[in-house]
2 protein chains.
Amino acid sequence: MQPVTIRDVARAAGVSSATASRVLSGNPATSAASRERVTAAAAELGFSPNAQARSLRSTRTDSIALLISDVRNPYFADLAHAVEQAARARGLVTFIGNANEDPAQQDEFLDAMMSRRVDGVLLVPQGLAGGGGAQVSPAVERLLSRDIPTVLVDRTLPAAAAPHVTAESAAAVHDAVASLAANGHRRIAFIGGPEHTSTAAERYGCFRAALADHGLDADEALHFHGDFRTASGAEGARWLLGLDDRPTAVVVADSPMAIGALAVWREAGVRIGVDLSVITFDDIEAFALHDPPLATISHDLTAMGRGAVDALATLMAGDPTGHTVLTSTFTGGASIGPART
Amino acid sequence: MQPVTIRDVARAAGVSSATASRVLSGNPATSAASRERVTAAAAELGFSPNAQARSLRSTRTDSIALLISDVRNPYFADLAHAVEQAARARGLVTFIGNANEDPAQQDEFLDAMMSRRVDGVLLVPQGLAGGGGAQVSPAVERLLSRDIPTVLVDRTLPAAAAPHVTAESAAAVHDAVASLAANGHRRIAFIGGPEHTSTAAERYGCFRAALADHGLDADEALHFHGDFRTASGAEGARWLLGLDDRPTAVVVADSPMAIGALAVWREAGVRIGVDLSVITFDDIEAFALHDPPLATISHDLTAMGRGAVDALATLMAGDPTGHTVLTSTFTGGASIGPART
DNA sequence: TTGTAAGCGTTATCAG
DNA sequence: CTGATAACGCTTACAA
C-alpha cells in the first residue's frame, strides 16, 4: 500500500492541502464543513502524517530522548518508567536508549536522536574512563554546544554543563553509618562504582564523610572499585572475604553489585546480619527475595523521573532551569547486626 | 547556535551541496580533494545531518523500534538489551518503547514510530482485555496493513499476523512437573498471567498438559489469574494461602509475580521447599538473592533477541521469513522438596 | 568528478 | 476562512 499523503486527503475532501493541513493539525481557522470532510477523508484513507516532513517544517517533534546507562539495572528501569509516564502526561513520546555503560553506545544513540531532532534530551551521562581532564564525550559536547534542551539525570558532568536532577545521599549515608557504628562496627568496607561517574564519587564521598562523623577513619584499603554491575559485585564480595582482619560491615553502591555480592557470600556460608552486616544503595523490588531484609539507602525514582521531565519541559519552553537535588532515604533492616568481636 | 546544514559545510569546503552530500554519504563519485575538504569542514562545524530531511528523500532510516511490555520486568529488560546489541552489530539504532502492559501506550509508541518511518518494528504485542474476537489494536492493524517489516517477539497474535520469534515451554514444563510429581506432589497450583497474552496461555496450556502426562488432573480452582506484575503475584500468594486443602506446590508464570509471591510467603512463615515447593518461569539474576535456590523454567533471551533481529533484517531485505520457536530450559532447585503428607 | 535543480510531505506566509 | 506558494534540509537525476 502506497503511503497516503495529505494531498490525497485534500483531493478526496475537495479542499486544498493547506486546508487539510489546518484541519488535521487543529488550527482553529477552519470551517465546520471542511473540518468534517477532511477528517472523514483522512479516516477513510487511513492517513497517518509523515512526522519527518512535518517536523522538517515545524521543528517540533513532540518527542524526547532518554539515555540510560543500563536497561538491565532495575534502578534505571524504574527511572525510565517514571520518565515515560511523566512525559506521556505532557503529550511527549519517549525514546529510550541504552548506553550499556559505554560512552560509544551513548554517543551513537545521542547522534541518532539529534539528527532526528527530538525536542529535548534526558541524559544519564556515561563517564569517560580516561579520567584525566574534565572531558565530555564528543556527542555530549555536540548536544550541549547546540541549543538542544538537555537535562542530566542521576549523574552529573564536571563543568556543571547542564541543569541536572540528581540525588544527594549525605544524610541517608550518615544515618546508615550511624546504625553500623551503634552496632559496634569499626571496620566498614565499601564496594563502590566506577570512579568516573559522579554518583560513584558522591556515594563514596558521603561514606567517607559519615565515617568521619562517627570518629572512624576511612581506610582506602577497604574500598573496592567496582563498575555498578553484577559481576563486579561478586568480585567485590570475594575481595572482601580475602581481606586480612576482615571488616564486619560493608556498604554496596548499587543493586546489581549487591545481587552479585550477596550470592557469593551466601555460597561462602557468610550469614548476613550476623557474620557480615550489609547496607546497599538502591532499594529494588527484588530485594524482597532476600532474607533477612536488607538495609538500604534509596532514592525516589518516581520523583527523579518526574523532576527531570519537569525541568526539561521548562527548558523546552525557553525558560532557564536550575538544578534539583533530591534527598535519599535510609531504611534499616536485619542485614545490620552487632559486630562480632 | 543555529543548526549546521549541509550547505554550511559545502560553503566552508568551497563545493556545492551536492558534492558535500555525496562525500558525506559515501558516494564513490567524489575526488580525494573534495572528500578531504568536506569531511574537514563537517568536523570543524560539528555537522550532524538532519535525519528527517534525509529519510524524507531516501526512505531509509537505519533504525528499528522495539516495543516491550514492561521496562521494569527484568525479562524484557534482558530482551531489550539483547535486541539492542544485535541491532547495533548490524548498524541499526534501536528505539525502545515501553507499553507498560497497556495497549493504548503501545499504540501511541507505534504510531510515533511509523510516522518516523523506522525501517522495521520488533513488537511484543499487548493483549486486548476484551477477550472476545481475535482483535488486534488499531495501531498494530495499521502497522501490519502497511508493508512495514514487523516481527512479533515473545508473544504472538491470533491470526499468525506476522512472523514471530517466541519460546515454547512444553518440554521444560514437563520436566518441572515431573520433578514435582517425583516428590509426591499431587495438588499443584498455577499463578498465571493475563489470559489475553499468548505467553500466559501457552504457559498454562503446557502446565495442564504436563499434569496430564503425569496422571494428575488439572483443577481450575488451583489457577490464579494474575497480570505478570509484582502486586498480582502477592495477591496470588495470599489466594493460595487461603485455599482449603492447600496445594503443596505452585508454578508461577513470571518473575515479577514470583517476587511478589515469595515476599508474601516469607512473611507468612511459609518455608519454600518445605511447606511449599515453588517453580517459577523466567530466571533472572536477582533470583540469586533467594535462599533456597529457585527452580526455574527459563528462556534464552539473548537467543530470542538475536533471532528477532535476524528475522527482522531478513524481512527488511525483502525476503519472507518464517517463525522461530525457541525451547525453554528447566533448572531444578532446592525450592522443590518432598510434599508434606 | 562536479553543479544545477527538482522534489520528498508538510506547514507557514500571505494574499484573497 | 481558504488557496497558492515558498520553504524545511537533504538526495539524486540530469547535464556539463
Side-chain angles (χ1 to χ4, degrees), chain A residues 1-39 41-42 45-63 111-119 146 148, chain B residues 1-39 41-42 45-63 111-112 114-119 146:
Chain A
M1 197 188 286
Q2 271 296 59
V4 177
T5 78
I6 201 170
R7 278 189 229 276
D8 300 323
V9 174
R11 195 176 317 123
V15 298
S16 74
S17 61
T19 299
S21 169
R22 279 187 280 256
V23 170
L24 294 169
S25 50
N27 187 320
T30 49
S31 69
S34 41
R35 231 169 301 153
E36 188 163 341
R37 308 184 58 191
V38 169
T39 40
L45 299 174
F47 171 72
S48 117
N50 183 325
Q52 327 264 16
R54 188 205 292 261
S55 61
L56 188 55
R57 201 46 239 220
S58 59
T59 60
R60 297 204 43 224
T61 57
D62 292 318
S63 61
D111 278 330
M113 282 313 185
M114 279 188 270
S115 70
R116 250 151 266 250
R117 303 296 192 260
V118 289
D119 293 340
R146 260 120 104 180
I148 301 170
Chain B
M1 197 189 285
Q2 271 296 63
V4 177
T5 78
I6 202 171
R7 279 190 231 274
D8 299 323
V9 174
R11 195 175 318 123
V15 298
S16 76
S17 61
T19 301
S21 169
R22 280 187 278 257
V23 169
L24 294 170
S25 51
N27 187 319
T30 49
S31 69
S34 41
R35 232 170 301 154
E36 188 164 340
R37 309 182 58 190
V38 169
T39 39
L45 299 174
F47 172 70
S48 117
N50 182 325
Q52 327 265 15
R54 188 206 293 262
S55 62
L56 192 53
R57 242 344 244 180
S58 57
T59 61
R60 295 203 46 224
T61 57
D62 292 319
S63 61
D111 278 330
M114 280 188 270
S115 68
R116 260 161 199 89
R117 304 294 192 263
V118 289
D119 293 340
R146 259 119 105 179

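Below, chains carry the letters A, B, ... as their sequence lines are ordered, and counting in each starts from 1. Treat the numbers as computed from the prediction; the structure is a model and nothing was measured.
A heavy-atom distance below 4.0 Å to DNA chain D is reached by these residues of residues 14-25 of chain B, ordered by number: B:Ala18, B:Ser21, B:Arg22. Proximity of residues 28-38 of chain A to DNA chain D (heavy atom under 4.0 angstrom from any strand atom) is restricted to A:Ala29, A:Thr30, A:Ser31, A:Ser34.
Nearest heavy-atom pair across B:Ala10 and B:Ala20 is CB-CB, 4.0 Å. Scanning both residues, B:Val4 and B:Phe47, for their nearest heavy atoms gives O-CD1, 3.3 Å.
Residues meeting the side chain to side chain donor-acceptor pair (under 3.5 Å) test with A:Thr30, sequence neighbours left out: A:Arg35. With sequence neighbours excluded, no residue forms a salt bridge (Lys or Arg N to Asp or Glu O under 4.0 Å) with A:Asp119. Residues forming a side chain to side chain donor-acceptor pair (under 3.5 Å) with A:Thr39 (at least two apart in sequence, or on another chain): none. Residues satisfying the side-chain contact (heavy atoms from CB on, under 4.5 Å) test with B:Ala13, not counting sequence neighbours, are B:Val15, B:Arg37, B:Val38, B:Ala41. Contacts of A:Asp62 classified as side chain to side chain donor-acceptor pair (under 3.5 Å), with partners at least two apart in sequence or in another chain: A:Arg60. Contacts of A:Ser25 classified as side-chain contact (heavy atoms from CB on, under 4.5 Å), with partners at least two apart in sequence or in another chain: A:Ser21, A:Arg54. Checked against salt bridge (Lys or Arg N to Asp or Glu O under 4.0 Å), A:Arg11 has the following partners two or more places apart in sequence or in another chain: A:Asp8.
Atoms CG and CD1, on B:Leu45 and B:Ile6 in that order, are 11.5 Å from each other to the nearest 0.5 Å. Taking OG1 of A:Thr61 as the start and CE of A:Met113 as the end, the distance is 9.5 Å to the nearest 0.5 Å.
At least one side-chain heavy atom of B:Ser48 sits under 4.5 Å from a side-chain heavy atom of A:Arg117.
Here D:dG3 presents its P atom at 13 Å from CG of A:Asn27, a figure rounded to the nearest Å. Rounded to a whole Å, the CZ atom of A:Arg54 is 18 Å from the C1' atom of D:dG9. Regarding A:Arg117, its CZ atom lies at a distance of 11 Å from the C1' atom of D:dC10, rounded to whole Å.
Rounded to 10 degrees, the angle separating the terminal helix axes of the helix from C:dT1-D:dA16 to C:dG16-D:dC1, each built from five base pairs, is 40°.
For residues 14-30 of chain A, there are no salt bridge (charged side-chain N to carboxylate O under 4.0 Å, His left out) pairs, not counting sequence neighbours.
Reading DNA chain C from its 5' end, the first and the last nucleotide to sit under 4.0 Å from a heavy atom of chain A are C:dG9 to C:dT13.
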